[in-house]
Amino acid sequence: MKKKTKAKNKGARILITLECTECRFNPSKRSNGVSRYHSQKNRRNNPQRMELKKYCPHCNKPTIHKEIK
């Protein structure tokens with residue numbers, strides 16, 4: 001009887017963290033902290049770092065969030 005084994009390979013989809021660019025450098029904001037979102041991206045289609053416009057609760061407006069790590 002053969003055993004069925006599942007091959008684990010490194011997939012194309014990876015988890016990324018998006019961080020607000022304005023929170024890092026702006027000391028005069030609504031509250032302390034940095035807005036971060038978690039998302040996925042396809043490493044084959046988007047090899048460079050992603051930038052998305054997301055809502056930042058610390059800045060109280062939509063801002064550019066860049067990929068970190």
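These numbers were taken from a predicted model, which means no experiment stands behind them.
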Can you give me the closest heavy-atom contact between His58 and Cys23, atom names plus distance? CB-SG, 3.8 Å
When you group the ILVMFWY residues by side-chain heavy-atom contacts below 4.5 Å and let the links chain together, are Tyr37 and Ile68 in the same group? no
Can you name the side-chain contact (heavy atoms from CB on, under 4.5 Å) partners of Thr63, sequence neighbours left out? Cys20, Glu22, Cys56, Cys59, Lys61, His65
With rounding to the nearest 0.5 angstrom, report the CD1 to CD distance, Ile16 to Glu67. 4.5 Å
Please list all pairs meeting side-chain hydrogen bond (donor to acceptor under 3.5 Å, both in side chains) that have one or both residues in residues 42-54, counting only residues at least two apart or in different chains. none
What's the separation between atom NE2 in His38 and atom CG in Leu15, rounded to the nearest 0.5 Å? 9.0 Å
Could you give the distance from CG (Leu18) to CD1 (Ile64), rounded to the nearest 0.5 Å? 11.0 Å
